[in-house]
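Here's the structure we're looking at; comments come further down.
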Amino acid sequence: MTVFSKIVAGEIPSYKVAEDDRYYAFLDINPLQWGHTLVIPKQETDYIFDLDDRTLADMQVFAKKVAMAIKAAIPCRKVGQAVLGLEVPHAHIHLVPLTSEGDMDFHKKISDPDPDKMKETAAMIAEQFEKE
Ligand code: AMP
């Protein structure tokens, strides 16, 4: 079971942003920016491009809704999207609020993010998601 499947199962905590029957969105624990969110399929597959077409396409549509909620909740110019998958073997899309190109630098993370601010950030995005 991947660490992300454990999050979906509620075995380890996460800063949840959104969920439906097939997808789950939560804050990255080492965010590049406040509001940096991961979108995952509940189905456990390592490599995103091994997902079947339908699961991948619907995941992108779910990620779009999450991105719109991030944009509404967090001051930014756009929400950027990236796929790495080098660390956790469970397909995921990174959504990062951007003001400039350098905001998507995976070597520059917020150090020791305040848990209260993480909780607050997740709640703000979740509230926007519910409005859509
Ligand atoms: P990558 O697989 O290269 O896309 O990186 C995995 C991402 O997952 C990193 O940005 C980590 O900070 C993030 N991550 C790892 N474990 C957790 C967790 N338990 N909760 C939230 N984010 C996590």
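Counting convention: from 1, in listed order, for ligands and their atoms alike. Every heavy atom of this structure was used, including side-chain atoms; hydrogens, water molecules and symmetry mates were not.
At least one heavy atom of Phe26 sits closer than 4.0 Å to an atom of ligand 1. Under a 4.0 angstrom heavy-atom cut-off, Ser14 registers as lying outside contact with ligand 1.
How far CG of Leu32 is from NZ of Lys109: 6.5 Å, rounded to the nearest 0.5 Å. Rounding to the nearest 0.5 Å places CD of Gln33 at 10.0 Å from NZ of Lys108.
Residue Ile7 holds the heavy atom nearest to atom 19 (N) of ligand 1 of all those in Asn30, Ile7, Leu27. For atom 22 (N) of ligand 1, the choice among Ile29, Ile12, Ile93 with the nearest heavy atom turns out to be Ile29. Proximity annotation for atom 15 (C) of ligand 1: of Glu87, His92, Lys6, His36, Glu87 comes nearest, heavy atoms only.
Under the side-chain hydrogen bond (donor to acceptor under 3.5 Å, both in side chains) criterion, Lys16 pairs with Glu19, not counting sequence neighbours.
For the residue pair Ser14/Tyr24, the side-chain donor-acceptor check at 3.5 Å is satisfied.
Of all the atoms in ligand 1, the ones that sit under 4.0 Å from a non-hydrogen atom of Phe4 are 8 (O), 17 (C), 23 (C).
Note: the hydrophobic cluster containing Met68 does not contain Ile74 (ILVMFWY, side chain heavy atoms under 4.5 Å, direct or indirect links).
Considering all non-hydrogen atoms of both residues, Leu38 and His94 come closest at CD2-ND1, 3.3 Å.
When only interatomic distances are considered, the shortest N/O to N/O separation between Leu86 and ligand 1 falls below 3.5 Å.
By the criterion of a heavy-atom distance under 4.0 Å, neither the backbone nor the side chain of Phe106 is placed next to ligand 1.
Ranking protein heavy atoms by distance to atom 9 (C) of ligand 1, first place goes to Asp28 OD2, 3.4 Å.
In this structure, the side chain of Tyr23 does not engage the main chain of Gln60 through any donor-acceptor pair within 3.5 Å.
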